Structures are given as structure tokens and as C-alpha cells.
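In this chain, numbering begins with 1 at the start of the sequence shown. This is a predicted model, so every value here is computed, not measured.
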Amino acid sequence: MSQANASSATPSKAVLKAENVSVSYNSKVAVKGVYLDIPINQITAFIGPSGCGKSTILRCFNRMNDLVSGAKVEGLITFHGVNLYDRRIDPVEVRRRIGMVFQKPNPFPKTIYENIAFGARINGYVGDMDELVEKSLRKAAIWDEVKDKMKDSGLSLSGGQQQRLCIARAIAIEPEVILMDEPCSALDPISTLKIEELMQELKEQYTIIIVTHNMQQASRVSDRTAFFNAEATPEGGKIGYLVEFDDTVNIFTNPKEDYTRDYVSGRFG
């Protein structure tokens, strides 16, 4: 149980690796013993029931858990072979290279233009800002919808547009990896489809990891899927663990573990 069943196939070059990673909050273990190799320029989906550690592990990859009081990460997480938790590593730089899009769209209370320009500016961008803003919005497939209202507030956009604006904002600081924590859970089906189509386009240039509760979404968009589950503790809590990590087609059609088969077939969760 502590080490997941992994595919015998060799995935593409791993950009991120987790080796025996465990996370605790105020000394209570939330997820333990996770091993993952995240392949470059692919979409990896994290699936599993609530409370199994999906988002916790996702946040480890750009050190967002540093911002949570009482959080402790153990094990080894590397980015291109470099230990992300080495004391010499600047977490701000980590978050620049490994961007994040959250569950609920969170535009800055600024103009659409400044939503893109602000982060780039504080990260020291000195090139043509108009060009960067347009390029980022084009990559996020929202330029045609907002090009004539760049001075409007980002908060004036629809939910789906706001989420694509947030993706453009993440792209603008030129990351290598984009983490997405249930990016479509608050969106309608049409907006969800646009985000899914966008992810397929973005993986040509970026590595994407997505947490999703939507089994159909995971099967549609991801190349590889990690299934997490949780076991009950005597105190009434839960400890998450990785059950299986494989090519998405195998997870959904020929999983190695019974727990995986039961979850993707809807028998629990």
C-alpha cells in the first residue's frame, strides 16, 4: 500500500519527481509514501475521493504548503534533478517556474491588461509588455474575447473567462510547469470544454498537472493518471496514499489494483 503500482512502460523524461513524500499538518499525517515521476510536456491527472491528498501533493510541487501553518513535507521532491526543498532554493523562484491555477478563478482587482502585466513586472520582465500581454492572452485562448476591453476589470469577465485570464497570468511569467487544482469545478460545461481544449494546446509547451474529481475529464485530457485513496485512522481521521500511477488508458480500462477499478467504475468515491 505504501508504494503504488507503477507502469512497466517508461514514460517521457520526468521534469518533477516525488520520492517517498509524506505531508503532515500539526504532526498529523495527511498523505504518505508517495512516489511519482511527472513526464515533461504531458498532462498528468490526480484523481481520488475527497481527503486522499491529491491537492496536498500538488501543492508540494511549488512549495505552496510552505504557506500553511504547521505543514511539514518529508521525502524528496526534485525539479530537473534539483531538490526543491533545499535551503538554498528560493520558493518565490520555484513558484515562478511552477505556476498554479486555483479551483476558483481569482483575478486581481485590476484591469485585464494589468492582471497579466503585474506579475511579469514584479518578476523583472523588461521586454515589450504589450507584446507579452497579447501573447499570453492568445496562448490562453481568450485574446479575441478581451482585446477591445483591456481597461475593463478582470472581475467583469464570466467565470470561464476569468479562469482563462488566470491561466494567461500564470503563462505570462514563463513557467515550465502549470499546476491546476480542480480548475473547472466552478465552471459550466461549455467553459469546461474550452479549458480542456486549452490544456491540450498548452501541453505542447508546458507540463501540466491537474487535480480533478471529474472522471470523464481525467480520461479525456490526461496522458497519465495517479489514483489516490485514503485509509481511516483510529482517531477518526484519514491518511492519503497513492494506489496506482499509469498511462491514463490503463487506469481507466485495465487497472492493476482493485481499488482503482472500483473507483473509476463508480463503486465508491
Distance-minimising heavy-atom pair for [X] and [Y]:
{"X": "Lys203", "Y": "Gln42", "value": "CD-CA, 4.4 Å"}
{"X": "Leu179", "Y": "Leu58", "value": "CD1-O, 3.4 Å"}
{"X": "Pro175", "Y": "Ala170", "value": "CD-O, 3.2 Å"}
{"X": "Phe79", "Y": "Leu84", "value": "CB-CD2, 3.6 Å"}
{"X": "Val101", "Y": "Pro183", "value": "CG1-CB, 4.5 Å"}
{"X": "Gln200", "Y": "Arg220", "value": "NE2-O, 3.7 Å"}

Considering only heavy atoms from C-beta outward, does the side chain of [X] approach that of [Y] to under 4.5 Å?
{"X": "Asp223", "Y": "Pro39", "result": "no"}
{"X": "Ile43", "Y": "Leu202", "result": "no"}
{"X": "Cys184", "Y": "Thr212", "result": "no"}
{"X": "Glu74", "Y": "Val21", "result": "no"}
{"X": "Asp66", "Y": "Tyr85", "result": "yes"}
{"X": "Met150", "Y": "Thr111", "result": "no"}
{"X": "Val177", "Y": "Asn62", "result": "no"}

Check: [Y] main-chain N/O paired with [X] side-chain donor or acceptor under 3.5 Å:
{"X": "Glu257", "Y": "Val243", "result": "no"}
{"X": "Glu204", "Y": "Glu201", "result": "no"}
{"X": "Thr233", "Y": "Gly237", "result": "yes"}
{"X": "Arg261", "Y": "Lys256", "result": "no"}
{"X": "Glu244", "Y": "Ile251", "result": "no"}
{"X": "Ser156", "Y": "Asp152", "result": "no"}

More than 12 non-hydrogen atoms from neighbouring residues, nucleotides or ligands closer than 6.0 Å to OH on Tyr259, yes or no? no
CD1 of Ile190: more than 12 outside heavy atoms within 6.0 angstrom? no
Joint hydrophobic cluster, [X] plus [Y], side-chain heavy atoms closer than 4.5 Å:
{"X": "Ile171", "Y": "Ile40", "value": "no"}
{"X": "Ile208", "Y": "Phe61", "value": "no"}
{"X": "Val68", "Y": "Val31", "value": "yes"}
{"X": "Val249", "Y": "Ile47", "value": "no"}
{"X": "Ile142", "Y": "Ile116", "value": "yes"}

Are Phe228 and Phe46 an aromatic pair, judged by ring center distance below 6.0 Å? yes
Using ring centroids (six-membered ring only for Trp), state whether Phe245 and Phe227 fall under 6.0 Å. no
Distance only, no hydrogens: is a donor on one side chain within 3.5 Å (strictly under) of an acceptor on the other, for [X] and [Y]?
{"X": "Thr56", "Y": "Tyr25", "answer": "yes"}
{"X": "Lys139", "Y": "Tyr206", "answer": "yes"}
{"X": "Thr225", "Y": "Ser222", "answer": "yes"}
{"X": "Ser219", "Y": "Gln216", "answer": "no"}
{"X": "Asn83", "Y": "Arg88", "answer": "no"}

Kindly indicate, with the supporting measurements, whether the criterion side chain to side chain contact (heavy atoms under 4.5 Å, CB included) is fulfilled by Leu16 and Thr207. CA-CA 10 Å; Leu16 285 160; Thr207 299; 5.8 Å; no
Report the distance from atom [atom1] of [X] to atom [atom2] of [Y], rounding to the nearest 0.5 Å.
{"X": "Ser185", "Y": "Gln163", "atom1": "OG", "atom2": "CD", "result": "8.5 Å"}
{"X": "Asp181", "Y": "Met64", "atom1": "CG", "atom2": "CE", "result": "9.5 Å"}
{"X": "Glu145", "Y": "Lys194", "atom1": "CD", "atom2": "NZ", "result": "4.5 Å"}

For a side chain to side chain contact (heavy atoms under 4.5 Å, CB included) with Lys54, tell me which candidate from Val211, Ile210, Ile209 qualifies. Val211
How far apart are the C-alpha atoms of Arg95 and Asn123, what are their side-chain angles, what is the distance that settles it, and do they pass the side-chain hydrogen bond (donor to acceptor under 3.5 Å, both in side chains) test? CA-CA 11 Å; Arg95 293 177 201 126; Asn123 275 280; over 6 Å; no
Evaluate side-chain hydrogen bond (donor to acceptor under 3.5 Å, both in side chains) for Asn65 paired with Arg59, printing each intermediate quantity in order. CA-CA 6 Å; Asn65 286 323; Arg59 291 194 297 265; 3.3 Å; yes
Yes or no on side chain to side chain contact (heavy atoms under 4.5 Å, CB included) for Arg169 and Phe108, after CA distance, side-chain angles and deciding distance? CA-CA 10 Å; Arg169 186 176 70 195; Phe108 298 143; 3.5 Å; yes
Out of the candidates Asp247, Asp37, Thr248, only one should pair with Arg224 under the side-chain hydrogen bond (donor to acceptor under 3.5 Å, both in side chains) rule; please name it. Asp247
Salt-bridge test for Glu93 and Arg96: reply yes if a basic N is under 4.0 Å from a carboxylate O, no otherwise. yes
